[in-house]
Amino acid sequence: MLKSHGCGELRAEHIGQQIRLAGWVNRRRDHGGLTFLDLRDRSGVVQVVANPGTSGEFHTTAADVRAEWVLQIEGIVRLRPEGMQNAELPTGQVEVEVHRLQVLNPAKTPPFLINEESEVDEMVRLQYRYLDLRRERMQRNLVLRHKVIKYIRDTLDRRGFLEIETPILFKATPEGARDYLVPSRLYPGEVYALPQSPQQLKQLLMVSGLERYFQIARCFRDEDQRGDRQPEFTQLDVEMSFVEREDVMALLEELYTGMLASLFPERQVQATPWPRLTYPEAQNRFGTDRPDLRFGMELKDVSDLAAGSGFRVFEAAVASGGEVRAINAKGCAGFSRRELDELTQFVASFGAKGLAYLALPESGEPRSSFAKFLATDRLEALRARLEAEPGDLLLFVADRRAVVLESLARLRSHLGARLGLYDSKLLSFCWVIDFPLVQWNEQEARWDPSHHLFTAPLPEDVHLLEHQPGRARGQQYDVVLNGHETAGGSIRIHDRALQERIFQLIGLEIETAKQRFGHMLTAFEYGTPPHGGIASGMDRLCMVLAQEPNIREVIAFPKNQAARDVMAGAPSMAEPGALRDLHLQIVDGRPGRPKG
RNA sequence: GGGGGUGUAGUGUAGCGGCCAAACACGCUGCCCUGUCAAGGCAGAGAUCGCGGGUUCGAAUCCCGUCAUCCCCGCCA
């Protein structure tokens with residue numbers, strides 16, 4: 001080893017020891033006759049001192065080095081002189097007196113500062129990701145991610161789970177997200193698909209009798225990006241045999257609760273055990289199936305008060321089968337016209353045709369877009385329902401139910417963040433259960449599975465499949481963390497006949513199903529144990545734990561918004577020979593861009 | 001596919017029709033300096049204001065287009 005200690009490990013107990021260090025120059029403070037170098041490696045930073053008296057010729061070398069040069073240093077750990085200790089630094093009691101200094105590698109001046117947490121344009125960070133990863137923030141995040149995954153592996157191992165790898169080259173499934181396809185060289189026109197998740201494979205492992213499987217699985221989906229969505233992402237994938245819904249839920253809750261206690265004891269969890277909401281309850285109270293429970297501002301149905309109120313917008317919505325709902329933005333009665341316009345524009349992007357308001361100032365007359373149409377007793381009833389006090393601002397959307405829920409749910413999160421209604425360090429988990437098994441797809445005029453097509457219905461709801469499929473609940477469960485969908489799973493169908501009824505229900509011809517899932521259906525005929533599982537997004541979990549605004553900050557080499565790797569320049573144009581091998585011809589599209 | 005924001009030295013920003021052959025901070029280069037730790041002092045280099053076109057007597061500044069990037073909608077079983 002080129003070093004005997006990590007820079008950040010040195011303490012008073014090392015005083016007097018002859019040691020070797022190797023690392024990067026974090027900072028140089030040159031006083032002419034005396035030169036300080038902060039030497040950095042993954043373990044931290046320690047001050048190194050060179051002067052002509054103790055370091056001889058190496059003092060000159062020390063004066064010549066620059067930030068990010070790679071050095072090896074031999075020297076003695078000294079107690080720092082009285083008054084020169086640095087309480088800010090874990091190694092601040094000591095310093096290393098240089099006896100020998102070797103430049104292992106000089107460095108160009110980096111495009112941005114490595115040694116401080118300055119804001120840098122993300123494109124530059126991604127282009128020089130290897131330098132960005134040298135910075136404290138990213139090292140901290142990667143360590144956090146490692147610890148999270150290590151904890152999961154250790155704990156599941158102790159609980160009898162096997163970690164089993166599944167193929168990256170697999171079979172395309174037209175349902176769901178767009179697949180990444182890999183053309184086959186050996187079979188013209190045929191393709192592999194990268195898995196959107198190991199869903200089918202883990203169920204087959206249950207058929208195989210492995211009973212308890214998990215994997216830290218890379219998943220691929222060729223859809224447009226978001227701050228919390230990358231083309232490839234990592235899931236904790238779990239599947240268990242001979243379990244019921246409660247068993248899987250208990251496993252994941254214990255796993256995460258234990259992890260937080262063990263790795264993040266300082267982080268406050270809002271409630272344990274995690275609250276449970278049924279899907280209808282989540283929809284009704286928060287307008288979404290991934291409610292952020294860190295704050296209130298629940299949606300209140302005021303359709304009954306809106307009907308026949310005299311305000312045509314409200315009346316019309318209710319009369320045509322829609323709803324009127326409202327939220328109470330506490331203390332926001334002072335919002336300006338401009339601010340209200342902004343909120344209106346905000347909900348408009350989710351389909352709301354308008355945003356009615358009733359502002360109740362501390363003093364003076366209420367301001368409202370509709371109050372003049374309403375009788376006093378109706379206004380009073382509205383105030384009462386929304387528990388409005390002087391200073392509050394009530395915001396109403398009247399529309400189709402789906403639009404009302406969506407736009408108010410979004411408005412609620414928007415306001416929650418904007419008004420700082422919660423402690424951003426707080427962790428608020430909840431379960432959402434009892435999802436409808438299938439949802440009506442208006443465009444295609446058919447029933448679509450709301451989770452996936454192997455999800456089992458609740459036993460007591462099976463009879464509904466025939467005539468009221470929309471009312472049948474699935475044995476599905478989602479974990480929501482601070483408004484982010486963090487995990488989701490279900491008990492699967494292990495009965496061939498029931499599986500075929502589901503195919504029938506969602507309009508999947510049995511022949512088509514056989515083509516796509518024949519291996520599954522056949523497998524299920526050979527003694528399938530009842531089984532279920534869950535999958536949890538590691539990137540989103542780590543993002544929340546690291547308190548980062550997007551998952552790129554917890555991924556070593558992420559793609560940008562346009563799904564490009566700006567460091568390596570991927571994707572890039574294929575060599576003509578490679579295309580020929582793959583039996584491919586480019587018939588359309590822009591020629592490739594030069595790599596960044 | 002659509003909407004919005006941003007683009008000015010290496011980095012972060014200011015300037016938003018003439019006072020700008022562009023300012024500040026950090027970084028960088030050189031010199032001075034033996035107790036600093038965001039070291040300090042002095043001197044200096046570094047930008048055709050993303051790109052193209054237009055309006056104007058005059059454009060970093062206004063308009064159009066384009067590219068890049070971020071956020072969002074659609075999409076993501």
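A, B, ... follow the sequence lines: proteins, then strands. Residue 1 opens every chain. In this text, all values refer to a predicted model and were calculated from it rather than measured experimentally. Hydrogens, waters and symmetry mates are skipped; everything else that's a heavy atom, side chains included, is used.
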- Query: Between A:E232 and A:R221, is there a side-chain N and carboxylate O pair less than 4.0 Å apart?
  - Reply: no
As its Watson-Crick or G-U partner within any shown strand, both distances under 3.5 Å, B:G74 has none
Side-chain donor/acceptor contact of A:R221 with base of B:C76 under 3.5 Å: no
On RNA chain B, more 5' by nearest nucleotide between A:G227 and A:P110 is A:P110
_Counting only side-chain nitrogens and oxygens, does A:Q196 get under 4.0 Å of the OP1 or OP2 atom of B:C76?_
no
Atom CZ of A:R552 and atom C1' of B:C71 are separated, to the nearest Å, by 9 Å
Query - Pair A:D341 + A:R337: basic N to acidic O under 4.0 Å - result: yes
| Pair of N/O donor and acceptor under 3.5 Å linking B:G74 base with A:D224 side chain | yes
Check your understanding: When you measure from the side chain of A:R40 to the backbone N and O of A:G44, does any donor-acceptor pair fall under 3.5 Å?
Key -> no
* **B:U36 base / A:R27 side chain donor-acceptor hit below 3.5 Å** => no
| request: Compare side-chain N and O positions of A:N86 against OP1 and OP2 of B:C37 and report whether any pair is under 4.0 Å apart. | output: no
**Asked** With under 30° as parallel and over 60° as perpendicular, where do the rings of A:H531 and A:F524 fit, or are they tilted in between?
**Response** tilted
| said: Using atom P in both nucleotides, what's the gap between B:G46 and B:G65 to the nearest angstrom? | reply: 37 Å
Separation of B:G1 atom C1' from A:E223 atom CD, nearest Å, is 13 Å
Classify the side chain of A:R226 and the base of B:G74 as holding, or not holding, a donor-acceptor pair under 3.5 Å.
yes
Check: So does A:R80 get a side-chain nitrogen or oxygen closer than 4.0 Å to the phosphate oxygens (OP1/OP2) of B:U36?
Finding: no
Answer for the Watson-Crick or wobble partner of B:G58, both distances under 3.5 Å, is none
Looking at A:R29, I'd like to know whether one of its side-chain N or O atoms comes within less than 4.0 Å of OP1 or OP2 on B:A39. yes
Walking RNA chain B from its 5' end, the first of A:E122 and A:E406 to be reached, judged by nearest nucleotide, is A:E122
If pairing means Watson-Crick or G-U wobble with both distances under 3.5 Å, then the partner of B:U13 is B:A23
Just N and O in the side chain of A:R28: are any of them under 4.0 Å from OP1 or OP2 of B:U36? no
So, are A:K202 and A:D237 salt-bridged, with charged N and O less than 4.0 Å apart?
-> yes
Within the pair A:R125 and B:U69, is there a side-chain N or O less than 4.0 Å away from OP1 or OP2?
no
Mate of B:A68 across any strand shown (Watson-Crick or G-U wobble, both atom pairs under 3.5 Å) is B:U6
Re B:C42: Watson-Crick or G-U wobble partner, both distances kept under 3.5 Å, found to be B:G30
Check your understanding: Say you pick atom C1' in B:A21 and the same atom in B:U8; how far apart are they, in whole Å?
Key -> 15 Å
Can a salt bridge be assigned to the pair A:R540 and A:E548 using a cut-off of 4.0 Å between side-chain N and carboxylate O?
no
inquiry  = Quick check: any donor-acceptor pair below 3.5 Å linking the side-chain of A:Q47 to the base of B:U36?
reply    = yes
Check whether any side-chain N or O of A:E406 sits under 3.5 Å from a backbone N or O of A:V403 as a donor-acceptor pair, and report yes or no.
-> no
inquiry  = Classify A:M123 by what it touches in the nucleic acid, base, sugar-phosphate, or nothing, heavy-atom distance under 4.0 Å.
reply    = sugar-phosphate
Do the side chains of A:R78 and A:E95 get close enough for a salt bridge, i.e. N-O under 4.0 angstrom? no
Using a cut-off of under 3.5 Å, enumerate the N/O to N/O pairs linking the protein to nucleotides 41-46 of chain B.
none

Quick check: any donor-acceptor pair below 3.5 Å linking the side-chain of A:Q85 to the base of B:G35? no
